[in-house]
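This report refers to the structure that appears directly beneath it.
Source: prediction; values computed, not measured.
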Amino acid sequence: MTPVGDQVHGCPYRHWNVNHLQSALSSMRLGSAVVNDVIEKVKGQHYQVACLKVFEATHKGETVDALNHPNQFFKQSIQYWDAKAGEQAAASGTATKPISAAATAKPEADGDPMQVA
């Protein structure tokens, strides 16, 4: 289903116009070569490949075979950042709470749903 009006769901590579997508990618501080490559994939209707390019550019050293849904991008990203946080904690000897704990926390009735005590 294509988002309409102020709805926000679905694949930005498929549903956003090229100018909006290019602006969003540039705001992510991706290099112009990556942005141009992603835009070319989108123009060729290779949305999953475009998504993979952005994932790989924003998750250095991480590769995935396929991303078929925005939620899968999110899940893979959380796993990546949890692993990075664990590596940093081990190196510094400090304990950290995994990002996934905040991402999967149930909303508090009177607090920030992303806040984890």
Evaluation steps, side-chain contact (heavy atoms from CB on, under 4.5 Å), between Gln22 and Asn36:
CA-CA 8 Å; Gln22 191 164 20; Asn36 292 336; 4.1 Å; yes
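Considering only residues two or more places apart in sequence or on other chains, Leu21 meets the side-chain contact (heavy atoms from CB on, under 4.5 Å) condition with Tyr13, Trp16, Leu25, Ile39, Val42. Taking the side-chain contact (heavy atoms from CB on, under 4.5 Å) definition, one finds that Lys75 meets it with Gln79, sequence neighbours left out.
Using a 4.5 Å heavy-atom cutoff, the side chains of Leu67 and Gln48 are not in contact. Looking at Gln45 and Tyr47, their side chains come closer than 4.5 Å, going by heavy atoms from C-beta outward.
Here the closest non-hydrogen pair linking Thr58 and Trp81 is O-CZ2, 3.7 Å. Considering every non-hydrogen atom in both Glu62 and Glu56, the closest pair reads O-CG, 3.6 Å. When all heavy atoms of Leu30 and Ala57 are compared, the closest pair comes out as CD2-CB, 3.8 Å. In terms of heavy-atom proximity, His59 sits nearest to Tyr80 at CD2-CD2, 3.2 Å.
The main-chain N or O of Asn68 is found under 3.5 Å from a side-chain atom of Gln72 such that the two form a donor-acceptor pair. Side-chain atoms of Ser77 never come within 3.5 Å of backbone atoms of Phe73 as a donor-acceptor pair (strictly under, hydrogens ignored). The closest donor-acceptor contact from the side chain of Asp37 to the backbone of Ala33 lies at 3.5 Å or more, if one exists at all.
Met28 and Val18 fall within a single hydrophobic cluster, where Ile, Leu, Val, Met, Phe, Trp and Tyr are joined by side-chain heavy atoms under 4.5 Å apart, directly or via other members.
Separation of atoms CD (Gln76) and OG1 (Thr63) is listed at 10.0 Å; rounding is to 0.5 Å.
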